[in-house]
Amino acid sequence: MSRISLSRLAGDRVLVVDGGATHETTRADLPAYVAGREAEGAEAADPPRWVWDDTARWYPPLLAAGVRVARCHDLRLGHHLLRRAPAVDPGQLVGEESEHWDRLGPTQPSEPVLFSGDDVVEHLRADLEDARQLAAVAAATGPGEAARLGLLLAAESSGALVAVEMTHAGLPWRVDVHERLLADLLGPRPPRGARPAGLEALAAQVRTAFAAPGLNPDSRPELLTALRRAGLEVADTRASSLRRLEHPGIEPLLRYKQLAHLFSTNGWAWIDQWVSGGRFRPSYQPAGSTTGRWSSNGGGALSIPVQVRPAAVADDGWVLVVADVAQLEPRVLAGMSGDRALARAARGADLYQGMVDTGAVASRNDAKLGLLGAMYGATSGESGRLLAGLARRYPDAFGLVETAARAGERGQVVRTLLGRGSQTLGEVPADPEQQAAYRRSWGRFTRNFVVQGTGAEWALCWIADLRHRLWALGSGRLEERPHLVFFLHDEVVVHAPADLAGQVAAAATEAATAAGALVFRDLPIDFPLNVSVVASYADAGKPGVATPG
DNA sequence: TCGCAAAGCGCC
DNA sequence: AAAGGGCGCTTTGCGA
(Lines give C-alpha, C1' and ligand atoms only; values in the text may rest on other atoms or scores of the structure.)
Protein backbone atom coordinates (compact mmCIF):
# COMPACT_ATOMS: atom_id res chain seq x y z
CA MET A 1 0.00 0.00 0.00
CA SER A 2 1.34 3.42 -0.76
CA ARG A 3 1.37 5.95 2.00
CA ILE A 4 1.29 9.49 0.70
CA SER A 5 1.77 12.40 3.03
CA LEU A 6 0.60 15.93 2.33
CA SER A 7 1.91 19.09 3.99
CA ARG A 8 1.03 22.72 3.47
CA LEU A 9 3.94 24.86 2.29
CA ALA A 10 4.03 28.62 1.96
CA GLY A 11 1.35 30.16 -0.21
CA ASP A 12 -0.89 27.52 -1.70
CA ARG A 13 1.85 24.99 -2.38
CA VAL A 14 1.52 21.43 -1.14
CA LEU A 15 4.38 19.04 -0.43
CA VAL A 16 3.67 15.47 -1.48
CA VAL A 17 5.86 12.69 -0.09
CA ASP A 18 5.17 9.31 -1.64
CA GLY A 19 7.61 6.77 -0.28
CA GLY A 20 11.02 8.11 -1.29
CA ALA A 21 9.64 10.40 -3.97
CA THR A 22 8.90 14.02 -3.20
CA HIS A 23 7.18 16.59 -5.33
CA GLU A 24 5.08 19.71 -5.05
CA THR A 25 1.65 20.60 -6.23
CA THR A 26 -0.86 23.32 -5.38
CA ARG A 27 -4.09 23.28 -3.43
CA ALA A 28 -5.97 23.93 -6.66
CA ASP A 29 -4.37 20.93 -8.38
CA LEU A 30 -4.62 18.62 -5.40
CA PRO A 31 -8.12 17.19 -6.05
CA ALA A 32 -7.12 16.04 -9.52
CA TYR A 33 -3.95 14.45 -8.19
CA VAL A 34 -5.78 12.68 -5.36
CA ALA A 35 -8.52 11.51 -7.72
CA GLY A 36 -5.89 10.06 -10.03
CA ARG A 37 -4.11 8.14 -7.30
CA GLU A 38 -7.44 6.90 -5.91
CA ALA A 39 -8.43 5.60 -9.36
CA GLU A 40 -5.10 3.76 -9.73
CA GLY A 41 -5.47 2.36 -6.24
CA ALA A 42 -9.02 1.21 -6.84
CA GLU A 43 -7.93 -0.62 -9.97
CA ALA A 44 -5.20 -2.43 -8.06
CA ALA A 45 -7.60 -3.02 -5.14
CA ASP A 46 -5.01 -1.24 -3.00
CA PRO A 47 -5.91 2.41 -2.47
CA PRO A 48 -3.28 4.75 -1.02
CA ARG A 49 -3.41 5.94 2.56
CA TRP A 50 -3.35 9.74 2.67
CA VAL A 51 -1.39 11.08 5.60
CA TRP A 52 -2.26 14.60 6.70
CA ASP A 53 -2.33 16.74 9.80
CA ASP A 54 -6.07 17.04 10.13
CA THR A 55 -8.81 15.36 8.11
CA ALA A 56 -11.19 18.21 8.90
CA ARG A 57 -8.86 20.53 7.00
CA TRP A 58 -7.84 18.47 3.97
CA TYR A 59 -10.93 16.47 3.18
CA PRO A 60 -13.74 19.04 2.80
CA PRO A 61 -12.21 20.70 -0.30
CA LEU A 62 -11.64 17.28 -1.84
CA LEU A 63 -15.26 16.27 -1.28
CA ALA A 64 -16.42 19.61 -2.60
CA ALA A 65 -14.48 18.80 -5.77
CA GLY A 66 -16.20 15.42 -5.93
CA VAL A 67 -13.21 13.40 -4.73
CA ARG A 68 -13.70 10.69 -2.11
CA VAL A 69 -10.74 8.89 -0.58
CA ALA A 70 -10.72 5.30 0.65
CA ARG A 71 -8.36 5.73 3.61
CA CYS A 72 -6.23 8.17 5.48
CA HIS A 73 -4.11 8.62 8.57
CA ASP A 74 -5.04 11.59 10.71
CA LEU A 75 -1.81 12.68 12.38
CA ARG A 76 -3.45 14.96 14.92
CA LEU A 77 -5.73 12.22 16.20
CA GLY A 78 -2.88 9.70 15.98
CA HIS A 79 -0.49 11.88 17.94
CA HIS A 80 -2.99 12.54 20.67
CA LEU A 81 -3.87 8.88 20.95
CA LEU A 82 -0.31 7.57 20.94
CA ARG A 83 0.84 10.12 23.51
CA ARG A 84 -1.57 8.61 26.00
CA ALA A 85 -1.33 4.99 24.96
CA PRO A 86 0.21 2.98 27.83
CA ALA A 87 1.95 0.60 25.41
CA VAL A 88 3.78 3.44 23.67
CA ASP A 89 7.02 5.06 24.70
CA PRO A 90 6.28 8.80 24.51
CA GLY A 91 9.92 9.46 23.72
CA GLN A 92 9.33 7.91 20.31
CA LEU A 93 7.09 10.83 19.46
CA VAL A 94 9.62 13.49 20.30
CA GLY A 95 11.50 15.15 17.48
CA GLU A 96 11.49 18.01 15.02
CA GLU A 97 8.34 20.13 15.46
CA SER A 98 6.84 17.57 17.85
CA GLU A 99 5.97 20.12 20.52
CA HIS A 100 3.61 21.70 17.99
CA TRP A 101 1.87 18.40 17.43
CA ASP A 102 1.42 18.13 21.20
CA ARG A 103 -0.53 21.35 21.24
CA LEU A 104 -2.61 20.84 18.12
CA GLY A 105 -6.29 21.18 18.88
CA PRO A 106 -9.27 20.46 16.69
CA THR A 107 -9.98 23.00 14.01
CA GLN A 108 -13.10 24.96 14.78
CA PRO A 109 -15.61 24.89 11.97
CA SER A 110 -16.31 28.59 12.47
CA GLU A 111 -12.65 29.55 12.19
CA PRO A 112 -11.60 30.73 8.78
CA VAL A 113 -9.11 28.07 7.72
CA LEU A 114 -6.90 30.46 5.78
CA PHE A 115 -6.19 32.68 8.72
CA SER A 116 -3.90 31.33 11.37
CA GLY A 117 -1.80 33.20 13.87
CA ASP A 118 0.80 30.47 14.16
CA ASP A 119 2.77 30.02 11.00
CA VAL A 120 4.72 26.98 12.20
CA VAL A 121 1.60 25.03 13.09
CA GLU A 122 0.25 25.92 9.68
CA HIS A 123 3.18 24.29 7.90
CA LEU A 124 4.03 21.20 9.90
CA ARG A 125 5.79 18.43 8.02
CA ALA A 126 3.43 15.48 7.85
CA ASP A 127 6.09 13.04 6.66
CA LEU A 128 8.29 13.64 9.72
CA GLU A 129 5.48 13.13 12.20
CA ASP A 130 4.22 10.12 10.26
CA ALA A 131 7.62 8.43 10.55
CA ARG A 132 7.61 8.97 14.32
CA GLN A 133 4.12 7.58 14.73
CA LEU A 134 4.91 4.50 12.65
CA ALA A 135 8.03 3.88 14.72
CA ALA A 136 6.14 4.41 17.97
CA VAL A 137 3.53 1.83 17.00
CA ALA A 138 6.12 -0.66 15.79
CA ALA A 139 7.98 -0.36 19.09
CA ALA A 140 4.87 -0.74 21.25
CA THR A 141 5.49 -3.03 24.21
CA GLY A 142 3.50 -6.20 24.72
CA PRO A 143 2.36 -9.02 22.46
CA GLY A 144 -0.11 -7.93 19.80
CA GLU A 145 0.00 -4.32 20.94
CA ALA A 146 1.37 -2.93 17.67
CA ALA A 147 -1.36 -4.67 15.71
CA ARG A 148 -4.10 -3.43 18.02
CA LEU A 149 -2.82 0.13 17.95
CA GLY A 150 -2.55 -0.05 14.17
CA LEU A 151 -6.16 -1.13 13.98
CA LEU A 152 -7.21 1.62 16.36
CA LEU A 153 -5.39 4.31 14.37
CA ALA A 154 -6.92 3.09 11.13
CA ALA A 155 -10.38 3.04 12.66
CA GLU A 156 -9.95 6.46 14.24
CA SER A 157 -8.82 7.93 10.92
CA SER A 158 -11.63 6.26 9.06
CA GLY A 159 -14.02 7.80 11.55
CA ALA A 160 -12.54 11.19 10.76
CA LEU A 161 -13.34 10.61 7.08
CA VAL A 162 -16.89 9.62 7.98
CA ALA A 163 -17.32 12.74 10.12
CA VAL A 164 -16.36 15.04 7.25
CA GLU A 165 -18.47 13.09 4.78
CA MET A 166 -21.53 13.31 7.04
CA THR A 167 -21.18 17.07 7.40
CA HIS A 168 -20.70 17.28 3.64
CA ALA A 169 -23.76 15.19 2.77
CA GLY A 170 -25.92 16.29 5.70
CA LEU A 171 -28.92 14.62 7.26
CA PRO A 172 -31.97 15.21 5.03
CA TRP A 173 -34.09 17.74 6.88
CA ARG A 174 -37.53 19.00 5.92
CA VAL A 175 -37.79 22.58 7.15
CA ASP A 176 -41.50 22.68 6.27
CA VAL A 177 -42.21 19.67 8.50
CA HIS A 178 -40.13 21.12 11.33
CA GLU A 179 -41.83 24.53 11.09
CA ARG A 180 -45.28 22.97 11.04
CA LEU A 181 -44.38 21.06 14.16
CA LEU A 182 -43.19 24.25 15.86
CA ALA A 183 -46.29 26.16 14.80
CA ASP A 184 -48.57 23.43 16.14
CA LEU A 185 -46.88 23.40 19.53
CA LEU A 186 -45.80 27.03 19.96
CA GLY A 187 -47.82 29.15 17.56
CA PRO A 188 -46.40 31.35 14.82
CA ARG A 189 -42.74 32.36 14.87
CA PRO A 190 -42.38 35.31 17.26
CA PRO A 191 -40.25 38.38 16.61
CA ARG A 192 -36.67 38.20 17.85
CA GLY A 193 -36.46 38.18 21.65
CA ALA A 194 -40.17 37.53 22.19
CA ARG A 195 -41.93 34.43 23.49
CA PRO A 196 -44.12 32.52 21.09
CA ALA A 197 -47.87 32.85 21.77
CA GLY A 198 -48.16 29.24 22.94
CA LEU A 199 -45.52 29.79 25.61
CA GLU A 200 -46.99 33.13 26.63
CA ALA A 201 -50.41 31.52 27.18
CA LEU A 202 -48.89 28.79 29.36
CA ALA A 203 -46.92 31.39 31.32
CA ALA A 204 -50.20 33.24 32.00
CA GLN A 205 -51.79 30.02 33.28
CA VAL A 206 -48.85 29.44 35.59
CA ARG A 207 -49.00 33.01 36.94
CA THR A 208 -52.71 32.66 37.65
CA ALA A 209 -52.38 29.26 39.30
CA PHE A 210 -49.66 30.47 41.66
CA ALA A 211 -51.18 33.93 42.13
CA ALA A 212 -47.92 35.49 41.00
CA PRO A 213 -48.79 38.11 38.39
CA GLY A 214 -45.24 39.21 37.63
CA LEU A 215 -43.66 35.76 37.57
CA ASN A 216 -41.12 34.97 34.89
CA PRO A 217 -41.16 31.15 34.69
CA ASP A 218 -37.68 31.16 33.15
CA SER A 219 -36.17 32.53 36.35
CA ARG A 220 -35.35 29.79 38.84
CA PRO A 221 -35.26 32.02 41.96
CA GLU A 222 -38.57 33.67 41.06
CA LEU A 223 -40.12 30.30 40.38
CA LEU A 224 -38.87 28.82 43.65
CA THR A 225 -40.27 31.79 45.58
CA ALA A 226 -43.66 31.44 43.90
CA LEU A 227 -43.79 27.69 44.57
CA ARG A 228 -42.93 28.16 48.25
CA ARG A 229 -45.42 30.94 48.66
CA ALA A 230 -48.04 28.50 47.36
CA GLY A 231 -47.06 26.17 50.21
CA LEU A 232 -45.03 23.72 48.15
CA GLU A 233 -41.79 22.38 49.61
CA VAL A 234 -39.29 21.93 46.83
CA ALA A 235 -35.51 22.11 46.71
CA ASP A 236 -35.06 22.92 43.04
CA THR A 237 -37.05 23.55 39.88
CA ARG A 238 -36.22 20.35 38.02
CA ALA A 239 -39.11 18.76 36.17
CA SER A 240 -38.55 15.52 38.10
CA SER A 241 -38.92 17.38 41.41
CA LEU A 242 -41.95 19.33 40.26
CA ARG A 243 -43.67 16.17 39.07
CA ARG A 244 -43.87 14.96 42.67
CA LEU A 245 -45.91 17.97 43.75
CA GLU A 246 -49.67 18.25 43.98
CA HIS A 247 -50.87 21.60 42.68
CA PRO A 248 -53.02 22.74 39.75
CA GLY A 249 -50.21 24.99 38.53
CA ILE A 250 -47.73 22.15 38.11
CA GLU A 251 -49.16 20.73 34.92
CA PRO A 252 -49.01 23.98 32.90
CA LEU A 253 -45.60 24.69 34.40
CA LEU A 254 -44.18 21.35 33.25
CA ARG A 255 -45.68 21.90 29.84
CA TYR A 256 -44.16 25.37 29.77
CA LYS A 257 -40.72 24.05 30.63
CA GLN A 258 -40.90 21.37 27.98
CA LEU A 259 -41.96 23.73 25.21
CA ALA A 260 -39.57 26.48 26.31
CA HIS A 261 -36.75 23.96 25.95
CA LEU A 262 -37.90 23.00 22.47
CA PHE A 263 -38.16 26.66 21.50
CA SER A 264 -34.67 27.55 22.65
CA THR A 265 -32.75 24.44 21.55
CA ASN A 266 -34.48 23.26 18.39
CA GLY A 267 -36.70 26.15 17.40
CA TRP A 268 -36.62 28.54 14.46
CA ALA A 269 -33.20 29.93 15.34
CA TRP A 270 -31.75 26.43 15.24
CA ILE A 271 -33.19 25.87 11.78
CA ASP A 272 -31.73 29.16 10.57
CA GLN A 273 -28.32 28.28 11.89
CA TRP A 274 -27.96 24.59 11.11
CA VAL A 275 -30.20 23.61 8.24
CA SER A 276 -29.28 24.63 4.72
CA GLY A 277 -30.26 23.25 1.35
CA GLY A 278 -32.60 20.75 2.98
CA ARG A 279 -29.80 19.23 5.07
CA PHE A 280 -28.91 19.37 8.75
CA ARG A 281 -25.12 19.74 8.84
CA PRO A 282 -23.78 19.48 12.36
CA SER A 283 -20.07 19.46 13.03
CA TYR A 284 -18.67 16.26 14.49
CA GLN A 285 -15.60 15.93 16.63
CA PRO A 286 -14.08 12.43 16.35
CA ALA A 287 -12.53 11.31 19.64
CA GLY A 288 -13.85 14.53 21.15
CA SER A 289 -14.56 12.69 24.38
CA THR A 290 -11.72 11.26 26.47
CA THR A 291 -13.09 7.76 26.08
CA GLY A 292 -12.78 8.01 22.31
CA ARG A 293 -16.43 8.62 21.71
CA TRP A 294 -17.25 11.39 19.32
CA SER A 295 -18.57 14.68 20.47
CA SER A 296 -20.02 17.48 18.45
CA ASN A 297 -19.30 21.16 18.62
CA GLY A 298 -22.10 22.71 16.69
CA GLY A 299 -25.69 21.90 16.00
CA GLY A 300 -26.04 19.55 18.91
CA ALA A 301 -25.73 16.42 16.83
CA LEU A 302 -25.52 14.33 19.99
CA SER A 303 -29.06 15.06 20.87
CA ILE A 304 -31.52 15.34 18.05
CA PRO A 305 -34.56 15.27 20.31
CA VAL A 306 -37.29 12.77 19.58
CA GLN A 307 -39.64 15.71 19.27
CA VAL A 308 -38.09 17.04 16.06
CA ARG A 309 -37.09 13.75 14.43
CA PRO A 310 -40.18 13.74 12.19
CA ALA A 311 -38.38 16.45 10.19
CA ALA A 312 -35.55 14.08 9.24
CA VAL A 313 -37.08 12.72 6.05
CA ALA A 314 -35.42 10.92 3.14
CA ASP A 315 -35.50 12.45 -0.34
CA ASP A 316 -38.11 11.23 -2.81
CA GLY A 317 -37.23 7.76 -3.99
CA TRP A 318 -34.77 7.40 -1.12
CA VAL A 319 -35.06 5.93 2.37
CA LEU A 320 -33.32 6.16 5.70
CA VAL A 321 -31.87 2.91 6.92
CA VAL A 322 -31.52 3.24 10.68
CA ALA A 323 -29.48 0.63 12.52
CA ASP A 324 -28.60 0.44 16.17
CA VAL A 325 -26.81 -2.17 18.23
CA ALA A 326 -28.77 -3.85 20.96
CA GLN A 327 -26.94 -3.56 24.30
CA LEU A 328 -23.56 -2.59 22.89
CA GLU A 329 -21.67 -2.09 26.13
CA PRO A 330 -22.59 -5.32 27.91
CA ARG A 331 -21.55 -7.21 24.78
CA VAL A 332 -18.30 -5.30 24.64
CA LEU A 333 -17.68 -6.16 28.27
CA ALA A 334 -18.24 -9.83 27.50
CA GLY A 335 -15.84 -9.68 24.57
CA MET A 336 -13.01 -7.78 26.21
CA SER A 337 -13.10 -9.73 29.47
CA GLY A 338 -13.38 -13.08 27.71
CA ASP A 339 -16.22 -13.96 30.06
CA ARG A 340 -17.64 -17.17 28.59
CA ALA A 341 -20.85 -17.10 30.60
CA LEU A 342 -21.67 -13.52 29.61
CA ALA A 343 -20.72 -14.26 26.01
CA ARG A 344 -23.17 -17.15 26.10
CA ALA A 345 -25.92 -14.85 27.34
CA ALA A 346 -24.98 -12.46 24.53
CA ARG A 347 -25.61 -15.08 21.86
CA GLY A 348 -29.20 -14.07 21.15
CA ALA A 349 -30.85 -10.82 20.18
CA ASP A 350 -31.48 -9.86 23.81
CA LEU A 351 -28.54 -10.19 26.16
CA TYR A 352 -30.59 -9.41 29.26
CA GLN A 353 -33.10 -12.11 28.40
CA GLY A 354 -30.14 -14.40 27.80
CA MET A 355 -29.05 -13.81 31.38
CA VAL A 356 -32.50 -14.78 32.60
CA ASP A 357 -32.63 -17.88 30.42
CA THR A 358 -29.33 -19.17 31.77
CA GLY A 359 -30.63 -18.72 35.31
CA ALA A 360 -28.28 -15.92 36.34
CA VAL A 361 -31.04 -13.52 37.35
CA ALA A 362 -34.74 -13.70 38.05
CA SER A 363 -35.93 -11.02 35.65
CA ARG A 364 -34.86 -9.08 32.61
CA ASN A 365 -35.04 -5.88 34.61
CA ASP A 366 -32.69 -7.29 37.25
CA ALA A 367 -30.26 -8.22 34.51
CA LYS A 368 -30.24 -4.74 33.09
CA LEU A 369 -30.03 -3.04 36.46
CA GLY A 370 -27.22 -5.26 37.65
CA LEU A 371 -25.10 -4.97 34.54
CA LEU A 372 -25.51 -1.22 34.22
CA GLY A 373 -24.65 -0.93 37.88
CA ALA A 374 -21.47 -2.91 37.32
CA MET A 375 -20.40 -0.72 34.42
CA TYR A 376 -21.27 2.58 36.05
CA GLY A 377 -20.19 1.78 39.57
CA ALA A 378 -23.47 1.73 41.46
CA THR A 379 -22.96 1.05 45.13
CA SER A 380 -26.40 1.20 46.65
CA GLY A 381 -30.05 0.61 45.92
CA GLU A 382 -31.53 -2.19 43.92
CA SER A 383 -28.61 -2.22 41.51
CA GLY A 384 -26.01 -2.53 44.24
CA ARG A 385 -27.90 -5.39 45.83
CA LEU A 386 -27.77 -7.39 42.59
CA LEU A 387 -24.05 -6.96 42.08
CA ALA A 388 -22.77 -9.67 44.40
CA GLY A 389 -24.83 -12.41 42.78
CA LEU A 390 -23.88 -11.35 39.27
CA ALA A 391 -20.23 -11.09 40.18
CA ARG A 392 -20.24 -14.81 41.04
CA ARG A 393 -21.97 -15.70 37.77
CA TYR A 394 -19.75 -13.54 35.60
CA PRO A 395 -16.41 -13.40 37.41
CA ASP A 396 -14.29 -12.35 34.44
CA ALA A 397 -16.59 -9.54 33.34
CA PHE A 398 -17.08 -8.16 36.82
CA GLY A 399 -13.43 -8.67 37.63
CA LEU A 400 -12.43 -6.53 34.69
CA VAL A 401 -14.50 -3.49 35.66
CA GLU A 402 -13.61 -3.96 39.32
CA THR A 403 -9.89 -3.98 38.48
CA ALA A 404 -10.33 -0.84 36.39
CA ALA A 405 -12.09 0.90 39.26
CA ARG A 406 -9.38 -0.03 41.78
CA ALA A 407 -6.66 1.13 39.40
CA GLY A 408 -8.40 4.47 38.98
CA GLU A 409 -8.74 4.91 42.72
CA ARG A 410 -4.99 4.39 43.04
CA GLY A 411 -4.41 7.00 40.37
CA GLN A 412 -3.27 4.55 37.72
CA VAL A 413 -4.03 4.88 34.03
CA VAL A 414 -6.39 2.34 32.48
CA ARG A 415 -6.76 1.38 28.84
CA THR A 416 -9.25 0.17 26.29
CA LEU A 417 -8.87 -3.17 24.53
CA LEU A 418 -7.18 -1.62 21.49
CA GLY A 419 -4.88 0.53 23.63
CA ARG A 420 -6.33 3.98 24.24
CA GLY A 421 -5.21 5.25 27.63
CA SER A 422 -7.19 7.25 30.15
CA GLN A 423 -5.99 10.64 31.27
CA THR A 424 -4.15 10.87 34.55
CA LEU A 425 -5.81 11.69 37.85
CA GLY A 426 -6.09 15.42 38.47
CA GLU A 427 -5.32 17.40 41.61
CA VAL A 428 -6.32 15.29 44.62
CA PRO A 429 -7.91 17.24 47.52
CA ALA A 430 -5.94 17.35 50.75
CA ASP A 431 -8.88 16.76 53.06
CA PRO A 432 -9.03 12.99 53.72
CA GLU A 433 -12.77 12.73 53.37
CA GLN A 434 -12.86 14.75 50.17
CA GLN A 435 -9.90 12.81 48.90
CA ALA A 436 -11.63 9.48 49.41
CA ALA A 437 -14.74 10.74 47.64
CA TYR A 438 -12.63 12.07 44.81
CA ARG A 439 -10.82 8.77 44.37
CA ARG A 440 -14.04 6.78 44.40
CA SER A 441 -15.45 9.11 41.80
CA TRP A 442 -12.35 8.66 39.65
CA GLY A 443 -12.68 4.92 40.08
CA ARG A 444 -16.20 5.09 38.69
CA PHE A 445 -14.81 6.99 35.73
CA THR A 446 -12.04 4.48 34.96
CA ARG A 447 -14.48 1.61 35.50
CA ASN A 448 -16.70 3.06 32.82
CA PHE A 449 -13.81 4.20 30.63
CA VAL A 450 -12.65 0.71 29.72
CA VAL A 451 -16.09 -0.39 28.56
CA GLN A 452 -17.30 2.84 26.99
CA GLY A 453 -13.94 3.33 25.25
CA THR A 454 -13.82 -0.19 23.87
CA GLY A 455 -17.43 0.21 22.77
CA ALA A 456 -16.38 3.32 20.87
CA GLU A 457 -13.62 1.28 19.21
CA TRP A 458 -16.05 -1.38 18.10
CA ALA A 459 -18.36 1.32 16.73
CA LEU A 460 -15.51 2.93 14.78
CA CYS A 461 -14.62 -0.39 13.20
CA TRP A 462 -18.30 -0.87 12.40
CA ILE A 463 -18.75 2.43 10.56
CA ALA A 464 -15.35 2.13 8.86
CA ASP A 465 -16.34 -1.22 7.39
CA LEU A 466 -19.86 -0.08 6.60
CA ARG A 467 -18.52 2.97 4.78
CA HIS A 468 -16.61 0.77 2.34
CA ARG A 469 -19.59 -1.52 1.77
CA LEU A 470 -21.90 1.42 1.09
CA TRP A 471 -19.48 2.90 -1.42
CA ALA A 472 -19.41 -0.39 -3.30
CA LEU A 473 -23.21 -0.47 -3.57
CA GLY A 474 -23.50 2.53 -5.88
CA SER A 475 -21.71 4.66 -8.41
CA GLY A 476 -20.96 8.33 -8.89
CA ARG A 477 -20.34 10.90 -6.20
CA LEU A 478 -20.63 10.16 -2.52
CA GLU A 479 -24.08 11.68 -2.19
CA GLU A 480 -25.34 9.74 -5.21
CA ARG A 481 -24.57 6.44 -3.51
CA PRO A 482 -25.91 5.07 -0.22
CA HIS A 483 -24.01 7.09 2.39
CA LEU A 484 -23.83 7.64 6.12
CA VAL A 485 -25.69 10.73 7.31
CA PHE A 486 -25.67 10.24 11.06
CA PHE A 487 -23.70 8.36 13.70
CA LEU A 488 -24.17 8.43 17.43
CA HIS A 489 -22.26 5.99 19.65
CA ASP A 490 -24.18 2.83 18.74
CA GLU A 491 -26.49 3.94 15.97
CA VAL A 492 -26.15 4.88 12.31
CA VAL A 493 -28.45 6.40 9.71
CA VAL A 494 -27.81 5.73 6.03
CA HIS A 495 -29.48 7.72 3.26
CA ALA A 496 -30.02 5.32 0.37
CA PRO A 497 -31.97 4.89 -2.83
CA ALA A 498 -35.08 2.91 -1.92
CA ASP A 499 -34.22 -0.03 -4.15
CA LEU A 500 -30.95 -0.55 -2.29
CA ALA A 501 -32.50 -0.59 1.19
CA GLY A 502 -32.21 -4.36 1.59
CA GLN A 503 -28.57 -4.37 0.57
CA VAL A 504 -27.81 -1.49 2.91
CA ALA A 505 -29.45 -3.30 5.82
CA ALA A 506 -27.43 -6.41 5.02
CA ALA A 507 -24.25 -4.34 4.79
CA ALA A 508 -24.87 -2.86 8.23
CA THR A 509 -25.28 -6.33 9.71
CA GLU A 510 -22.23 -7.75 7.93
CA ALA A 511 -20.15 -4.78 9.05
CA ALA A 512 -21.20 -5.36 12.66
CA THR A 513 -20.07 -8.98 12.44
CA ALA A 514 -16.81 -7.94 10.83
CA ALA A 515 -16.16 -5.36 13.55
CA GLY A 516 -16.78 -7.94 16.26
CA ALA A 517 -14.27 -10.30 14.71
CA LEU A 518 -11.68 -7.54 14.29
CA VAL A 519 -11.85 -6.23 17.83
CA PHE A 520 -12.57 -9.41 19.79
CA ARG A 521 -10.53 -11.99 17.93
CA ASP A 522 -10.35 -14.56 20.70
CA LEU A 523 -13.97 -14.52 21.72
CA PRO A 524 -16.24 -13.39 18.92
CA ILE A 525 -19.41 -11.85 20.24
CA ASP A 526 -22.74 -11.40 18.50
CA PHE A 527 -23.68 -7.80 17.75
CA PRO A 528 -27.30 -8.02 16.61
CA LEU A 529 -28.75 -4.90 15.06
CA ASN A 530 -32.20 -3.39 15.07
CA VAL A 531 -32.63 -2.20 11.50
CA SER A 532 -35.48 -0.03 10.24
CA VAL A 533 -36.10 1.16 6.71
CA VAL A 534 -38.13 4.32 7.03
CA ALA A 535 -39.00 7.57 5.33
CA SER A 536 -38.64 9.52 8.57
CA TYR A 537 -36.14 9.07 11.38
CA ALA A 538 -39.05 9.40 13.81
CA ASP A 539 -40.41 6.06 12.61
CA ALA A 540 -37.23 4.10 13.29
CA GLY A 541 -37.40 1.30 15.80
CA LYS A 542 -41.16 1.56 16.21
CA PRO A 543 -42.24 -2.09 16.05
CA GLY A 544 -39.00 -3.49 17.49
CA VAL A 545 -37.88 -3.81 21.07
CA ALA A 546 -36.22 -0.59 22.15
CA THR A 547 -33.57 -1.44 24.69
CA PRO A 548 -30.67 1.01 24.72
CA GLY A 549 -27.65 -0.67 26.17
C1' DT B 1 -20.39 44.96 30.29
C1' DC B 2 -18.21 40.61 29.88
C1' DG B 3 -16.99 35.92 31.03
C1' DC B 4 -17.91 32.00 33.67
C1' DA B 5 -20.40 28.54 36.51
C1' DA B 6 -24.43 26.29 37.56
C1' DA B 7 -28.93 24.66 36.53
C1' DG B 8 -31.67 22.14 33.70
C1' DC B 9 -32.78 19.40 29.80
C1' DG B 10 -31.68 16.59 25.81
C1' DC B 11 -29.00 12.33 23.65
C1' DC B 12 -26.30 7.58 24.18
C1' DA C 1 -38.45 4.68 40.64
C1' DA C 2 -33.68 6.04 41.01
C1' DA C 3 -28.61 5.25 40.59
C1' DG C 4 -23.98 5.07 38.07
C1' DG C 5 -20.62 6.89 33.19
C1' DG C 6 -20.01 10.10 28.85
C1' DC C 7 -21.45 14.34 26.19
C1' DG C 8 -23.83 19.62 24.12
C1' DC C 9 -26.68 23.55 24.41
C1' DT C 10 -29.18 27.49 26.39
C1' DT C 11 -30.44 30.54 29.89
C1' DT C 12 -29.81 32.72 34.16
C1' DG C 13 -27.29 34.77 37.77
C1' DC C 14 -23.22 36.32 39.68
C1' DG C 15 -18.66 38.28 40.19
C1' DA C 16 -14.97 40.87 38.13
Side-chain angles (χ1 to χ4, degrees), chain A residues 193 195 199 216-224 234-244 253-254 256-267 269-270 273-274 282-309 324-330 332-333 365 368-387 401 404-405 408 414 416 420 422-423 440-456 459 486-493 537 541 546-549:
Chain A
R195 277 201 191 98
L199 274 184
N216 169 16
D218 290 327
S219 164
R220 288 182 290 271
E222 281 187 39
L223 194 54
L224 269 183
V234 62
D236 53 62
T237 63
R238 276 186 212 120
S240 57
S241 306
L242 299 179
R243 219 163 274 132
R244 285 193 285 265
L253 176 56
L254 287 171
Y256 177 90
K257 286 173 77 81
Q258 186 198 14
L259 291 182
H261 191 251
L262 170 67
F263 172 61
S264 61
T265 58
N266 294 98
W270 180 89
Q273 191 175 2
W274 296 109
S283 149
Y284 299 92
Q285 196 65 241
S289 148
T290 54
T291 59
R293 274 188 174 185
W294 288 17
S295 62
S296 104
N297 56 3
L302 271 73
S303 61
I304 303 177
V306 173
Q307 236 177 348
V308 298
R309 287 186 193 185
D324 72 272
V325 195
Q327 306 133 354
L328 173 62
E329 289 180 356
V332 163
L333 175 57
N365 198 45
K368 185 175 176 174
L369 231 49
L371 259 192
L372 291 181
M375 291 187 295
Y376 289 152
T379 51
S380 58
E382 194 59 31
S383 182
R385 199 175 55 76
L386 289 160
L387 291 184
V401 288
V414 297
T416 60
R420 189 188 306 270
S422 64
Q423 69 270 45
R440 276 196 304 276
S441 156
W442 195 254
R444 283 194 299 275
F445 165 70
T446 53
R447 171 194 293 269
N448 187 252
F449 178 95
V450 295
V451 181
Q452 187 184 112
T454 305
F486 191 64
F487 164 62
L488 181 57
H489 308 325
D490 60 358
E491 177 177 6
V492 295
V493 180
Y537 190 17
T547 42

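A note on names: the letters A, B, ... follow the listed sequences, proteins ahead of strands, and every chain is numbered from 1. Bear in mind the structure is a predicted one, so any value in this text is a computation, not a measurement.
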Would you tell me if any nitrogen or oxygen in the side chain of [X] comes within less than 4.0 Å of OP1 or OP2 on [N]?
X      : N     : result
A/T290 : C/dG5 : no
A/R293 : C/dC7 : no
A/T291 : C/dC7 : no

Checking contacts here: which listed nucleotide ([options]) is nearest the side-chain heavy atoms of [X]?
X      : options              : result
A/R444 : C/dC9, C/dG5, B/dC9  : C/dG5
A/S295 : C/dC7, C/dC9, C/dG6  : C/dC7
A/R309 : B/dC12, C/dG5, C/dG6 : B/dC12
A/L302 : C/dG5, C/dG4, C/dG8  : C/dG8

With nearest nucleotides of DNA chain C determined for A/G377 and A/Q423 from heavy-atom distances, which residue corresponds to the more 5′ nucleotide?
A/G377
Base, sugar-phosphate or nothing for A/G299? Non-hydrogen atoms, less than 4.0 Å.
sugar-phosphate
Given the 90°-from-0 boundary between syn and anti, C/dG4 should be labelled syn
For A/R244, all residues meeting side-chain contact (heavy atoms from CB on, under 4.5 Å), sequence neighbours excluded
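Residues passing side-chain contact (heavy atoms from CB on, under 4.5 Å) with A/R244: A/S241.
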Across nucleotides 11-16 of chain C, 5' to 3', mark each nucleotide with B, S or - according to how protein heavy atoms within less than 4.0 Å reach it.
SBS---
Output field dot_bracket for DNA chain C (Watson-Crick or G-U, both distances under 3.5 Å, | for other-strand pairs) contains ....||||||||||||
